[in-house]
There are 2 protein chains.
Amino acid sequence: MGSVVSELENAGIKPSYQRVRIFEYMQMNRTHPTADQVFLDLKDAIPTLAKATVYNTLHALAEKGLIRELSTVQPSTRYDYAAEDHGHFTCRICNRIYDFPYDFDSRHSALSGFVVESQEIVQKGICQACLKKAQQNSAFP
Amino acid sequence: MGSVVSELENAGIKPSYQRVRIFEYMQMNRTHPTADQVFLDLKDAIPTLAKATVYNTLHALAEKGLIRELSTVQPSTRYDYAAEDHGHFTCRICNRIYDFPYDFDSRHSALSGFVVESQEIVQKGICQACLKKAQQNSAFP
DNA sequence: TTATTTGTTTGGAATAATTCTAATGTTGTG
DNA sequence: CACAACATTAGAATTATTCCAAACAAATAA
Ligand SMILES: [Mn+2]
Ligand SMILES: [Mn+2]
Ligand SMILES: [Zn+2]
Ligand SMILES: [Zn+2]
């Protein structure tokens with residue numbers, strides 16, 4: 001069996017034809033494609049492929065950690081006063097954004113010959129408040 | 001003179017009424033608002049305010065470094081095979097995304113009580129290829 | 001096997017964020 | 001004042017993404 005199929009199975013994703021092809025594509029194309037690019041590149045080989053399937057599959061793969069979703073905040077850009085350097089934690093439940101201390105200068109790894117104009121570090125997950133609320137709701141009565 | 005006005009002037013942005021009010025808002029509201037949130041919160045005080053003005057102003061402020069634009073990649077989400085940890089550089093000219101080495105584990109600054117499910121570090125700027133091309137085009141003939 | 005259920009894909013409509021555009025308004029300069 | 005340059009407005013257009021109901025496929029039970 002192809003490793004693609006077993007990687008999907010191990011992650012708990014049923015290896016449908018479309019999912020195998022999309023994951024295979026992601027393994028072979030390290031070009032950081034958009035969902036639309038994946039769709040365009042696969043639709044010749046899979047003429048009935050729907051864009052919704054591409055989005056569904058990419059989300060499923062990302063949720064299981066098989067691919068990475070490169071986007072800080074969803075669904076819309078957030079703005080912040082430019083105070084001192086800091087990182088951001090975005091909660092996927094309440095969508096609040098929290099600051100955390102982070103100093104970019106001390107670990108500056110610019111690619112040689114590139115001009116870095118800005119940088120961001122973003123963690124995604126669940127915030128303390130939302131975790132607490134989830135615990136309370138699941139507490140036995 | 002309000003420091004808001006002079007900060008705008010120092011950055012080379014003409015301090016129109018709308019710009020002053022928007023920048024003022026960003027200084028006072030450290031809630032990482034969306035453009036729409038800024039618009040909603042200001043339109044009572046400035047009834048004629050247009051959403052386009054909010055977008056224009058936020059972009060101008062971000063370009064001058066007075067505020068930060070919290071979004072990794074634009075305009076659409078990009079996907080990446082989940083290989084080993086690395087950071088991303090996105091070029092604002094050609095939109096290519098480059099990998100650079102970065103190890104998240106060695107500098108793990110999780111907020112206490114928060115669950116971090118994923119994290120990203122993104123640099124934005126101009127890539128070497130685009131810089132080279134710009135140099136060639138401006139070379140004297 | 002057939003019937004039933006469960007989950008997946010499809011295609012198009014709906015939604016939402018952002019950008020574009022043309023007209024109008026404002027500011028500064030000669 | 002007249003003119004140019006620039007900024008704002010309002011709404012249309014564009015784009016990315018999600019939603020939805022119907023068709024399809026796979027798995028399971030009878
Ligand atoms: Mn912040
Ligand atoms: Mn990468
Ligand atoms: Zn939360
Ligand atoms: Zn470039």
Side-chain angles (χ1 to χ4, degrees), chain A residues 1 4-5 8-9 11-25 32-64 67 69-79 90 92 95 97 124, chain B residues 4-5 8-9 11-25 32-64 66-67 69-79 90 92 95 97 124:
Chain A
M1 285 104 242
V4 180
V5 169
L8 288 173
E9 281 170 344
I13 296 174
K14 282 196 186 154
S16 73
Y17 179 69
Q18 290 85 343
R19 289 166 176 174
V20 169
R21 297 301 300 273
I22 290 168
F23 185 39
E24 208 168 57
Y25 177 94
H32 311 99
T34 63
D36 197 59
Q37 194 60 59
V38 176
F39 172 74
L40 289 174
D41 286 349
L42 286 177
K43 76 169 187 184
D44 282 340
I46 313 170
T48 66
L49 184 65
K51 207 175 272 191
T53 302
V54 175
Y55 275 102
N56 289 342
T57 301
L58 292 174
H59 287 159
L61 295 173
E63 189 169 351
K64 299 299 182 180
I67 65 171
E69 210 169 70
L70 250 261
S71 71
T72 36
V73 289
Q74 290 293 14
S76 48
T77 301
R78 308 274 292 253
Y79 293 88
T90 94
R92 70 172 161 86
N95 284 319
I97 296 184
K124 294 192 234 182
Chain B
V4 179
V5 169
L8 288 173
E9 281 171 343
I13 296 175
K14 283 196 187 155
S16 74
Y17 179 68
Q18 290 85 342
R19 288 166 177 174
V20 169
R21 297 301 300 275
I22 291 168
F23 186 38
E24 209 167 56
Y25 177 95
H32 310 100
T34 62
D36 197 58
Q37 193 60 58
V38 177
F39 172 74
L40 289 175
D41 287 349
L42 286 178
K43 78 169 185 184
D44 283 339
I46 314 170
T48 65
L49 183 66
K51 206 174 272 191
T53 302
V54 174
Y55 274 102
N56 288 344
T57 301
L58 292 174
H59 286 158
L61 294 174
E63 189 169 351
K64 299 301 183 178
L66 297 180
I67 65 171
E69 211 168 69
L70 244 287
S71 72
T72 36
V73 290
Q74 289 291 17
S76 49
T77 302
R78 308 274 292 251
Y79 293 88
T90 94
R92 68 172 162 86
N95 284 319
I97 295 184
K124 294 191 233 183

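Each chain gets a letter, A, B and so on, in the order its sequence line appears, and its residues count up from 1. Remember, it's a predicted structure, so these values are computed and weren't measured experimentally. Just the heavy atoms: all of them, side chains too, but no hydrogens, waters or symmetry mates, feed the values below.
Among residues two or more places apart in sequence or in another chain, the side chain to side chain contact (heavy atoms under 4.5 Å, CB included) test is passed with B/A35 by A/Y79, B/V54, B/Y55, B/L58. Contacts of A/S16 classified as side chain to side chain contact (heavy atoms under 4.5 Å, CB included), with partners at least two apart in sequence or in another chain: A/Q18, A/R19. Partners of B/T77 by side chain to side chain donor-acceptor pair (under 3.5 Å), not counting sequence neighbours, listed by chain and number: A/Q74. In this structure, the side chain to side chain contact (heavy atoms under 4.5 Å, CB included) partners of A/E24, at least two apart in sequence or on a different chain, are A/V4, A/V20, A/R21. Residues forming a side chain to side chain contact (heavy atoms under 4.5 Å, CB included) with A/A52 (at least two apart in sequence, or on another chain): none.
Listed here is the closest heavy atom pair of A/I22 and A/T53: CD1-O, 4.2 Å. The shortest heavy-atom contact between B/L49 and B/F39 is O-CE1, 3.3 Å. Of all heavy-atom pairs spanning A/T34 and B/S76, the tightest one is CG2-OG, 3.4 Å. Between A/H59 and A/E69, the shortest heavy-atom distance links the atoms CD2-OE2, 3.1 Å.
In this structure, A/T34 reaches neither bases nor backbone, as no heavy-atom distance under 4.0 Å exists between it and the strands shown.
Within the structure, the side chain to side chain donor-acceptor pair (under 3.5 Å) test picks out the following pairs touching residues 36-50 of chain A (sequence neighbours left out): A/Y25-A/D41, A/D36-A/K51, A/Q37-A/D41. Residue pairs that meet the salt bridge (Lys or Arg N to Asp or Glu O under 4.0 Å) test with at least one member in residues 52-62 of chain B, sequence neighbours left out, do not exist here.
Protein chain B contacts DNA chain C over a range whose 5' and 3' limits, counting nucleotides with an atom under 4.0 angstrom from a non-hydrogen atom, are C/dA17 to C/dC20. When DNA chain D is scanned in the 5' to 3' direction for atoms under 4.0 Å from non-hydrogen atoms of chain B, the outermost contacting nucleotides are D/dA7 to D/dT17.
Near-neighbour residues of DNA chain D inside residues 36-63 of chain B, defined by a heavy atom below 4.0 Å, number-ordered: B/T48, B/L49, B/A50, B/A52, B/T53. Using a 4.0 Å cutoff on non-hydrogen atoms, the parts of residues 14-22 of chain B near DNA chain D are B/S16, B/Q18, B/R19, ordered by number.
Within the 4.5 Å cutoff, the side chain of B/E9 has heavy atoms near those of the B/V5 side chain.
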